[in-house]
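Just so it is clear, the values below take in all heavy atoms, side chains as well, and ignore hydrogens, waters and symmetry mates. Lettering follows sequence order; numbering is per chain, from 1. In this text, all values refer to a predicted model and were calculated from it rather than measured experimentally.
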Amino acid sequence: MKNLKVAEIFAAMADMLAIQGESYHRIMAYRRAAENVAVLGRPLEEVWRAGELEAIPGIGKTLAAKIDELMRTGRLEAYEKLQAQVPAGVLALLEVPDGGPKRAALFWKELGITGVEALEQAAREGRLRALAGMGAKSEEKVLAGIDALKRRTGRTLLGVAWPLAHVMLDALCEVPGVVQATAAGSLRRMRETVGDMDLLVAAEDPEAARKVMARFRELDQVGEVLLSGPTKTSIRTVDGLQVDLRVLEPARWGTALQYFTGSQAHNIRLRALALERGFSLSEYALKREDGTELLCATEEEVYAALGLPSIPPELREDRGEIEAALEDRLPDLLQMVDLKGDLQFHTTWSDGRQTLLEMAQAAQARGLAYALVTDHSQGLGVARGLTVADLRRQRAEIEDVNRKMDGTFRLLAGTEVEVRADGALDFPDHVLAELDLVVAAVHSGLRQGREQVTARMLAAIRNPHVDVIAHPTGRLIGEREGADMDMEAIFRAAAETGTALEINAYPKRLDLRDAHVRRAIELGVKLAINSDAHDVSGFVVLPLGVATARRGWATAADVVNTCSVEKVLAWAAGRR
DNA sequence: GCCGTTTTCGGCCCGACTGTTTTCAGTCG
């Protein structure tokens, strides 16, 4: 049984227990277990076989036994019992914004409502307002929530949310009295998608704060204002994305930024740690036991007061970063400035929109020293893949461009060679040997079945001419799952042969993903962070790839294209 | 249900906003 399936079951059990009014902490235990199983980065089944389930944070004897039952029988008695007690339609009520377990239970027990449609009808007929704690306004909120649910588009790509956040922040910065403004939340942690956006503004006085709120409510992107108070305003954009803005005084910036960056799990751990140190930590201050406050204007001060070095936002998921900080063994994370080159982009030779020269100049403008030309190979007809003859003619043009760049930038000759359905590469080895570096990719037959796809990947990894495997799983966020492959076997083979696995920075890919990056690094795999640019603006996504690497705890030493062009060429040559 | 160089039992983060309430419950993050 897959990790995600187990996580889904535990999360559903948490919801059902919540509807039954179970203890909050028991519910949280199920949620935490679900989250940790989902992001494990290696197959739960393997951990189970090794008898190491209880080493997973949040998994104790009881939940380990439940996982064991699922692995052995494919079923879980406790889950089935809950399903028999709580109708699936009642669980669906939790999806409605502002609908929680208490209200869901109320609607179900009092009115027999077991689905969103029945809830909508009851609200329209005015039957909800008679219930205890409900009124006409609550009834309207239910209808508004259902409406929002119907229009909901799901999570938003980081690559979409990030530029939007900066447009909004720039506008808010223009308001007089604004001292600082930044993104917080999952956006600042650089998660691959965000459910909503958190923005934070420091204003020098209450009058400035009021003006910030007013300006925010009037931004072009605002579709509706959900709520607005003196410190918090929530809006929904015309595209359906919720954006929360908090305004605060500069002296409390550190605690606020720390708090609103999250994650929730990280904050819960940090607050527990604060209590051990004699503080109560909130978004406003560290409060001592005698009630006096320690204000923090920077995040560094917050962590320092708790005896910790600053923890980079990308690590704040309660996946061991607090323990690592306590033991002073946080990784020295890779930074954007460490990236010296890009090992995948396309030109008009295949499916790109700009020439070799234009792309080289654009890459140089982004601060890179070199880039590997990786137009598609002949087998990928839809992308106008190159024949062997094309490849050789392209080489001449590459050398021409290098002369024009006059030593300030270097184009390298490469290919994104197809891994065919039978596992063979689309160019013979002697052709690959002519190139500076070779990137191999699977674009078709991703649904062949686990054994076959894994075998193709392993064959490509073991070819000594292949230096990098592009977008290894082939996933497209929100569109299609990655191929079903034995990632452990792939990581072990890549570690053994020294073949680098790509973190493709294209917003819909971010493949490898963060959890895979972390596991790959643990096993000694080298990575490459590539833009996969198809036009001159395509290089702007590289920071997303770096962020994904950081979320996987990567250092510069884990990434081959942090090396100089000479070292990258030597690395590739040494592998053949 | 998890977890422990203060605990194997008794804790488990803290506050804003809203609507229903005259002091609080529910939801959210």
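- dG4(B) and dT22(B) have their P atoms separated by 44 Å, with the value rounded to a whole Å.
- Considering only the side chain of Leu63(A), dG1(B) comes nearest among dG1(B), dG15(B), dC13(B).
- Residues Leu187(A) and Leu158(A) form a side-chain contact, since some pair of their non-hydrogen atoms from C-beta on lies under 4.5 Å apart.
- Side chains of Leu128(A) and Ser138(A) form no contact here, defined as non-hydrogen atoms less than 4.5 Å apart.
- Taking only side-chain atoms of Ala29(A), from C-beta outward, the nucleotide of dT20(B), dA16(B), dG1(B) with the closest atom is dG1(B).
- Nearest nucleotide to the side chain of Pro101(A), out of dG19(B), dT27(B), dG15(B): dT27(B).
- An OP1 or OP2 oxygen of dG1(B) is reached within less than 4.0 angstrom by no side-chain nitrogen or oxygen of Ser23(A).
- You'll find the side chain of Arg246(A) stays beyond 4.5 Å of the side chain of Thr231(A), heavy atoms only.
- A salt bridge links Glu488(A) to Arg492(A): one of the charged nitrogens lies within less than 4.0 Å of a carboxylate oxygen.
- Residue order along DNA chain B, read from the 5' end via each residue's closest nucleotide, puts Pro57(A) first among Pro57(A) and Tyr284(A).
- The nearest whole Å value for the distance from the CD atom in Glu22(A) to the C1' atom in dG1(B) is 10 Å.
- Nucleic acid contact class of Ser280(A) (heavy atoms, under 4.0 Å, all strands): sugar-phosphate only.
- Side-chain N/O atoms of Ser282(A) include none lying less than 4.0 angstrom from OP1 or OP2 on dC13(B).
- Within 4.0 Å (heavy atoms only), Arg246(A) reaches no atom of the nucleic acid at all.
- Base pairing analysis places dG4(B) opposite dC9(B); the two distances defining the Watson-Crick or G-U wobble pair are each below 3.5 Å.
- Distances shorter than 4.0 Å separate none of the side-chain N or O atoms of Arg271(A) from OP1 or OP2 on dC13(B).
- Rounded to an integer number of Å, the gap from CG of Leu106(A) to C1' of dT27(B) is 14 Å.
- Candidate nucleotides dC17(B), dC13(B), dT27(B) were compared by shortest atom distance to the side chain of His25(A), and dC13(B) ranks first.
- Of the two residues near DNA chain B, Leu275(A) and Lys141(A), the one whose nearest nucleotide lies more 5' is Leu275(A).
- Taking atom C1' in both dT7(B) and dC2(B), the straight-line distance is 14 Å, to the nearest Å.
- Across dC9(B) and dC14(B), the matching P atoms stand 25 Å from one another, rounded to whole Å.
- Here the side chains of Asp318(A) and Gln264(A) are not in contact, with every heavy-atom distance at 4.5 Å or above.
- When rounded to the nearest whole Å, the span between CG of Asp98(A) and P of dC17(B) equals 15 Å.
- One can place CG of Leu306(A) at 13 Å from C1' of dC13(B), the figure rounded to the nearest angstrom.
- Taking every side-chain heavy atom of Ser138(A) into account, dT20(B) is the closest of dG29(B), dT20(B), dC3(B).
- Residue contacts for Met134(A): at a heavy-atom cut-off of 4.0 Å it reaches the sugar-phosphate backbone alone, with no base atom in range.
- One atom, CG of Asn267(A), and another, C1' of dG29(B), lie 10 Å apart when rounded to the nearest Å.
- Using cut-offs of 30° and 60° on the angle between ring planes, the pair His516(A) and Phe491(A) is perpendicular.
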Notebook entry, point to check: Could you go step by step and tell me if Arg217(A) and Ser228(A) meet the side chain to side chain donor-acceptor pair (under 3.5 Å) rule?
Noted result: CA-CA 9 Å; Arg217(A) 290 192 299 262; Ser228(A) 190; 2.8 Å; yes
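- dG26(B) and dT21(B) have their P atoms separated by 12 Å, with the value rounded to a whole Å.
- In the interface, the side chain of Tyr259(A) is paired with the base of dG29(B) through a donor and an acceptor atom under 3.5 Å apart.
- Side-chain nitrogen and oxygen atoms of Tyr24(A) include none within less than 4.0 Å of the OP1 or OP2 phosphate oxygen of dG1(B).
- Leu270(A) comes within 4.0 angstrom of no nucleic acid atom, judged by non-hydrogen atoms across all strands.
- Base orientation of dT7(B): syn, the glycosidic angle falling within 90° of 0.
- Among the protein residues, Gly262(A) comes within range of no part of the nucleic acid, since none of its heavy atoms lies under 4.0 Å from any strand.
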Checklist line | Audit row: Thr237(A), Asp239(A), side chain to side chain donor-acceptor pair (under 3.5 Å) steps and yes/no | finding: CA-CA 5 Å; Thr237(A) 68; Asp239(A) 295 323; 4.9 Å; no
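- Contact annotation: Thr62(A) side-chain N/O to dC2(B) OP1/OP2 distance is under 4.0 Å.
- Atom CD of Glu35(A) is separated from atom C1' of dG1(B) by 17 Å (rounded to the nearest Å).
- Taking atom C1' in both dG19(B) and dT23(B), the straight-line distance is 13 Å, to the nearest Å.
- Residue contacts for Ala256(A): at a heavy-atom cut-off of 4.0 Å it reaches no nucleic acid atom on any strand shown.
- Distance noted for atom C1' between dT6(B) and dT18(B): 42 Å (whole Å).
- With both ends at atom P, the span from dT20(B) to dG15(B) equals 26 Å, rounded to whole Å.
- Here dT27(B) presents its P atom at 18 Å from CG of Asp244(A), a figure rounded to the nearest Å.
- Computed from coordinates, the Gln258(A) CD to dC14(B) C1' distance equals 12 Å when rounded to whole Å.
- Among the heavy atoms of the strands lying under 4.0 Å from Ile59(A) are primed sugar atoms or P, OP1, OP2 only; no base atom is included.
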